[in-house]
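See below for the structure under consideration.
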Amino acid sequence: LLPLWNTISPTKRVFKVTHYLKHRVFKSQKWIHKSPFYHNQSFHQCVFWTMVVLVPTLYDSNKDLLQITKRMGRISVALMPPLLFLTLRPSPLPDTLYLSLIPIHKWISRVVVVESLLHTFFYLWYMADNNTLFKLKKLANVYGVIAMVLFFLIAITSLKKIRRMHFRFFYFVHYIS
């Protein structure tokens with residue numbers, strides 16, 4: 001999506017459409033234009049990635065919490081390849097700098113951590129409710145617990161203050177995890 005935008009955005013037609021939307025359509029709606037969310041790129045990415053994850057998680061689930069919980073885990077795993085792909089240097093995407101992909105990497109990471117956390121919480125709740133906590137000793141579940149601990153470690157070391165003070169530790173944790 002980003003290489004496509006980098007290719008078509010410099011064209012005169014795209015500029016005209018974008019300009020029209022910003023200055024004619026949204027300008028007339030002053031409450032939208034004055035909103036802090038209108039100009040916040042981070043908020044736009046948050047909404048986009050939340051929708052990318054929520055739609056497949058909830059689609060045709062018939063409000064079955066166990067099915068939704070399973071999907072949360074599967075979607076977290078499915079997002080790992082693009083997450084790792086965005087960290088490649090130099091960027092394998094044409095006309096795209098590595099640094100321009102970092103915000104997308106951050107948001108996919110946050111989505112993966114939240115989805116994994118919800119998956120873990122709901123499964124623990126389900127197991128406790130059915131007195132099947134002994135299933136945590138299965139190898140696949142042990143791997144899931146280890147992954148969740150590593151996600152938390154990565155999330156904590158990724159906080160701006162900790163990352164800046166202890167960058168080597170942040171890098172080491174990212175590389176090992």
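Start at 1 with the first residue, then count along the sequence. Both backbone and side-chain heavy atoms feed into the values below; hydrogens, waters and symmetry mates do not. Computed from a predicted model, the values in this text were never measured in an experiment.
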Q.
Please give me the minimum heavy-atom distance between Leu58 and Arg71, naming the atom from each residue.
A.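 Looking at all heavy atoms of both residues, the shortest contact is C-NH1, 4.0 Å.
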According to a 4.5 Å side-chain heavy-atom criterion applied to Ile, Leu, Val, Met, Phe, Trp and Tyr, with indirect links allowed, do [X] and [Y] form part of one hydrophobic cluster?
X	Y	value
Met72	Ile75	no
Leu118	Leu54	yes
Ile108	Leu101	yes
Phe169	Ile154	yes
Val111	Phe152	yes

Q) Within a reach of under 6.0 Å around CZ of Phe134, are more than 12 heavy atoms found that belong to other residues, nucleotides or ligands? A)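 Enclosed.
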Q: Could you name each residue pair satisfying side-chain hydrogen bond (donor to acceptor under 3.5 Å, both in side chains) that touches residues 154-164, not counting sequence neighbours?
A: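 Matches after skipping sequence neighbours: none remain.
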**Q.** Which residues share a side-chain contact (heavy atoms from CB on, under 4.5 Å) with Ser116, sequence neighbours left out
**A.**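 side-chain contact (heavy atoms from CB on, under 4.5 Å) check on Ser116 returns Ser76, Val112, Met148, Phe151.
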Q. Got a sec, which residues hit side-chain contact (heavy atoms from CB on, under 4.5 Å) with Val52, two or more places apart in sequence or on another chain?
A.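 Once residues adjacent in sequence are excluded, the partners of Val52 under the side-chain contact (heavy atoms from CB on, under 4.5 Å) criterion are Phe48, Trp49.
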Q. For Leu159, which fellow cluster members are found when Ile, Leu, Val, Met, Phe, Trp and Tyr are connected by side-chain heavy-atom distances below 4.5 angstrom, either directly or through intermediates?
A.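 Besides Leu159, the cluster holds Ile156, Ile162.
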Atom pairs and distances, donor-acceptor, side-chain atoms in residues 136-145, under 3.5 Å, two or more places apart:
| from | atom 1 | to | atom 2 | distance (Å) |
| --- | --- | --- | --- | --- |
| Asn141 | ND2 | Lys135 | O | 2.6 |

Residues in side chain to side chain donor-acceptor pair (under 3.5 Å) with [X], at least two apart?
X	value
Thr69	none
Tyr171	none
Asp60	none

Q: Could you note down all residue pairs passing ring pair (Phe, Tyr, Trp, His ring centres under 6.0 Å) where residues 107-132 supplies at least one of them, sequence neighbours left out?
A: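 For residues 107-132: His119-Tyr123.
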Validation: residues 78-90 side-chain donor-acceptor distances under 3.5 Å, sequence neighbours left out:
| from | atom 1 | to | atom 2 | distance (Å) |
| --- | --- | --- | --- | --- |
| Thr87 | OG1 | Leu84 | O | 2.6 |

Look up atom [atom1] in [X] and atom [atom2] in [Y], then write down how far apart they are to the nearest 0.5 Å.
X	Y	atom1	atom2	value
Leu117	Glu115	CG	CD	10.0 Å
Leu133	Asn131	CG	CG	7.5 Å
Asn130	Leu66	CG	CG	9.0 Å
Leu124	Thr132	CG	OG1	10.0 Å

Q: With sequence neighbours excluded, tell me which residues meet ring-ring contact (aromatic ring centres under 6.0 Å, His included) with His105.
A: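 For His105, no residue satisfies ring-ring contact (aromatic ring centres under 6.0 Å, His included) once neighbours in sequence are set aside.
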Q. Can you name the residues that form a ring-ring contact (aromatic ring centres under 6.0 Å, His included) with Phe167, not counting sequence neighbours?
A.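 For Phe167, the residues satisfying ring-ring contact (aromatic ring centres under 6.0 Å, His included) (neighbours in sequence not counted) are Phe170.
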